[in-house]
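Every chain is numbered from 1 and lettered A, B, ... according to where its sequence line falls, protein lines coming before strand lines. Both backbone and side-chain heavy atoms feed into the values below; hydrogens, waters and symmetry mates do not.
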Amino acid sequence: MPVLLTKAFFERPVLEVAQGLIGAALVRRLADGTTFRSMLTEVEAYDGPDDLASHAAKGRTPRTEVMFGPAGVFYVYLIYGMHWMLNVVTGEPGYPAAVLIRGTQDISGPGRITSRLAIDKSLNGKPANRSSGLWFEDRAAPIDSKQIEATPRIGIDYAGDWAQAPYRFVLRE
DNA sequence: ACGATGATGAAC
DNA sequence: TTCATCATCGTA
């Protein structure tokens, strides 16, 4: 039986959480009762105030505020004027870190996921549990760490040396 | 290869 | 108040 990933799961270093999410399920339940469920295959970690790829490198702003808050809460923002990006906050309050959800088995691309699953700003700051209609469930089957490939993150060429950090995790086919 | 399209943060 | 930038995607 699938088990909801609780706050404790996200209250860990973001690199651990990111790899732990590979193979887990992203679940979306809409008001009409429709439920989508798909296994996560691609995520990225954004780690702390010194990570130049992270929005939090600019410090605490209205937008990044949720990244400095408690774990297990969604950080959702608009990019390029048209795509919502879905993240989950990790670690201890005061330390800004989050995992960007980039791909699942059925949906490839962070903007497509939010579009298909009706995710927008209204989920920003909401918890990953049934109350928000968006949550994560544990792996259906164990994943060997050798099945998880680490690569540099996408679309962050502005991040200097941090652009090379292997913080993107992909499930090998 | 390129334009769409609007919030954000920093400069002025 | 203006301006450059942007954790992307679809069309060409």
Colleague: Expressed in angstrom and rounded to an integer, what is the separation of A:Lys58 atom NZ from C:dA7 atom P?
Modeller: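 Distance, rounded to whole Å: 7 Å.
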
Colleague: Using both distances under 3.5 Å as the test, list the Watson-Crick or G-U wobble partner of B:dA10, or none.
Modeller: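 Check on B:dA10: paired to C:dT2, both distances under 3.5 Å.
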
Colleague: Looking at the side chain of A:Arg63, which of B:dA10, C:dT8, B:dT8 is the nearest nucleotide?
Modeller: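 Looking only at side-chain atoms, A:Arg63 lies closest to B:dT8.
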
Colleague: Testing the basics here: between A:Ala53 and A:Trp162, what is the closest heavy-atom pair and its distance to 0.1 Å?
Modeller: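 Smallest interatomic distance, heavy atoms only, reads N-CB, 4.4 Å.
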
Colleague: Does A:Ser54 use its side chain to pair, donor to acceptor, with the backbone of A:Asp51 at less than 3.5 Å?
Modeller: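 No; judged by distance alone, with no hydrogens or angles, the pair does not exist.
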
Colleague: Would you say the ring centroid of A:Phe136 lies under 6.0 angstrom from that of A:Phe10?
Modeller: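 Yes - the distance between ring centres of A:Phe136 and A:Phe10 falls below the 6.0 Å cut-off.
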
Colleague: Mind calculating the distance between CZ (A:Arg116) and P (C:dG10) to the nearest angstrom?
Modeller: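 It is 11 Å, rounded to the nearest whole Å.
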
Colleague: Quickly work out the A:Tyr158 OH to B:dG9 P distance and round it to whole Å.
Modeller: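 One finds 13 Å between P of B:dG9 and OH of A:Tyr158, rounded.
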
Colleague: Hey, which of these two, A:Thr64 or A:Tyr80, hits DNA chain B nearer its 5' end, going by closest nucleotide?
Modeller: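 Upstream on the strand: A:Tyr80.
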
Colleague: Whole-Å distance between C:dC9 P and A:Ile107 CD1?
Modeller: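 For the pair A:Ile107 CD1 and C:dC9 P, the rounded distance is 11 Å.
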
Colleague: For C:dA7, which nucleotide in any strand shown is its Watson-Crick or wobble partner with both distances under 3.5 Å?
Modeller: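 No nucleotide pairs with C:dA7.
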
Colleague: Check the distance between C:dA4's P and A:Asp157's CG and give it to me in whole angstrom.
Modeller: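 These atoms are roughly 20 Å apart.
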
Colleague: From CH2 of A:Trp84 over to P of B:dG6, roughly how many Å is that when rounded to an integer?
Modeller: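 Checked: the CH2 to P distance equals 11 Å.
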
Colleague: Among side-chain atoms of A:Asn129 and A:Ser131, is any donor-acceptor pair under 3.5 angstrom?
Modeller: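 Distance-only check passes for A:Asn129 and A:Ser131.
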
Colleague: What about A:Tyr77, does its side chain sit under 3.5 Å from the base of B:dA7 through a donor-acceptor pair?
Modeller: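 When only heavy-atom distances are counted, A:Tyr77 does not reach the base of B:dA7 through any donor-acceptor pair under 3.5 Å.
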
Colleague: Which is more 5' along DNA chain C, the nucleotide nearest A:Arg112 or the one nearest A:Asn87? Just name the residue.
Modeller: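 It is A:Asn87, whose closest nucleotide lies nearer the 5' terminus.
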
Colleague: What's the CD1-P distance between A:Ile154 and C:dA7, to the nearest Å?
Modeller: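 Interatomic distance, CD1 of A:Ile154 to P of C:dA7: 13 Å.
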
Colleague: Counting distance alone, no hydrogens or angles: does the base of C:dA7 have a donor or acceptor under 3.5 Å from a partner atom on the side chain of A:His83?
Modeller: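 Such a pair does not exist between side chain and base.
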
Colleague: Can you tell which of B:dG9, B:dA7, C:dT8 lies closest to the side chain of A:Leu78?
Modeller: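 In terms of side-chain proximity for A:Leu78, the closest of B:dG9, B:dA7, C:dT8 is B:dA7.
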
Colleague: Any side-chain N or O of A:Lys121 below 4.0 angstrom from OP1/OP2 of B:dT8?
Modeller: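 Checking B:dT8 against A:Lys121, a side-chain N or O does come within under 4.0 Å of OP1 or OP2.
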
Colleague: Could you tell me whether A:Met82 contacts a base, only the sugar-phosphate backbone, or nothing, with contacts defined as non-hydrogen atoms closer than 4.0 Å?
Modeller: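 Answer is base: heavy atoms of A:Met82 come under 4.0 Å of a base.
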
Colleague: Does C:dA7 have OP1 or OP2 under 4.0 Å away from a side-chain N or O of A:His55?
Modeller: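 Checking C:dA7 against A:His55, a side-chain N or O does come within under 4.0 Å of OP1 or OP2.
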
Colleague: Is there a donor-acceptor contact under 3.5 Å from the side chain of A:Glu42 to the main chain of A:Ile101?
Modeller: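 A pair under 3.5 Å: no.
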
Colleague: Starting from C1' on C:dT5, measure out to CD1 on A:Ile156 and report it in whole angstrom.
Modeller: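 My rounded result for the distance is 15 Å.
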
Colleague: From the set B:dG9, C:dC9, C:dA7, return the single nucleotide nearest to any side-chain atom of A:Thr61.
Modeller: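 Closest nucleotide among those given: B:dG9.
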
